[in-house]
Amino acid sequence: MAHSLSQGGVVSAPTDPMQAQVRILGTRLGRFVEFEFALYGGDLAVELILPTKAFEEFCQLRGASVCAVDQGTSEAIEQMAWRAGHPGLLQRTATGAAQDERA
């Protein structure tokens with residue numbers, strides 16, 4: 001898989017192998033977030049596409065840590081989320097994962 005977290009070395013293996021990781025790959029049609037969802041430090045990964053609100057819920061329900069996104073992708077996602085009525089999407093998904101880890 002070309003975008004695999006394990007191949008890209010973007011994230012080190014978490015201490016808990018079941019810790020969910022999300023790496024945003026981009027946006028589609030100005031309404032969808034394309035991302036990679038991974039477990040076991042990236043050894044098990046799948047690429048998914050969800051609407052912005054569903055992406056946010058997906059990350060929060062799984063307590064996923066969201067990897068850093070390049071500036072261009074970050075701006076495109078925030079602009080798309082703002083248009084969909086969900087401004088601050090990246091900040092909320094990252095903050096939600098951090099709060100779940102502390103709980």
Side-chain angles (χ1 to χ4, degrees):
M1 175 181 287
H3 298 292
S4 175
L5 289 171
S6 60
Q7 291 177 5
V10 177
V11 175
S12 60
T15 54
D16 176 9
M18 290 301 290
Q19 171 61 49
Q21 300 169 357
V22 168
R23 183 168 63 108
I24 298 172
L25 304 173
T27 62
R28 296 283 178 122
L29 303 173
R31 300 185 324 220
F32 301 96
V33 178
E34 179 181 9
F35 63 101
E36 181 179 73
F37 175 71
L39 297 173
Y40 299 105
D43 290 338
L44 177 63
V46 62
E47 290 183 15
L48 301 167
I49 299 175
L50 291 173
T52 54
K53 184 68 176 166
F55 169 75
E56 182 178 359
E57 291 170 1
F58 180 90
C59 291
Q60 288 176 348
L61 285 172
R62 285 149 187 86
S65 52
V66 181
C67 301
V69 180
D70 68 78
Q71 186 66 28
T73 302
S74 175
E75 289 173 3
I77 289 169
E78 286 303 326
Q79 200 172 51
M80 177 188 68
W82 184 82
R83 283 189 210 119
H86 308 291
L89 176 69
L90 292 177
Q91 182 179 1
R92 284 194 311 277
T93 54
T95 303
Q99 289 173 351
D100 287 345
E101 287 176 8
R102 284 183 250 147

Taking side chain as C-beta onward, heavy atoms only, is [X] less than 4.5 Å from [Y]?
X   : Y   : value
E47 : F37 : no
Q19 : S65 : yes
T52 : V33 : yes

Spatial distance of atom SG (C59) from atom CG (L50) [nearest 0.5 Å]:
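Atom-to-atom, C59:SG and L50:CG are 8.5 Å apart.
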Applying side-chain hydrogen bond (donor to acceptor under 3.5 Å, both in side chains), name anything that partners R28, two or more places apart in sequence or on another chain.
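Counting only residues at least two positions away or on another chain, R28 forms a side-chain hydrogen bond (donor to acceptor under 3.5 Å, both in side chains) with E34.
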M18 reachable from V66 in the ILVMFWY side-chain graph, under 4.5 Å edges
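V66 clusters together with M18.
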Cluster check L39, V46: I/L/V/M/F/W/Y, side chain < 4.5 angstrom:
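L39 clusters together with V46.
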Donor-acceptor pair, side chain of E36 and main chain of G42, under 3.5 angstrom:
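Between the backbone of G42 and the side chain of E36 there is no qualifying donor-acceptor contact (under 3.5 Å).
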Which heavy atom of I49 sits nearest to which heavy atom of F35, and what is that distance?
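Shortest heavy-atom separation between I49 and F35 comes out as N-CE2, 4.5 Å.
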What about F55 and F32, are their ring centers closer than 6.0 Å?
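Here the rings of F32 and F55 have centres that are no less than 6.0 Å from each other.
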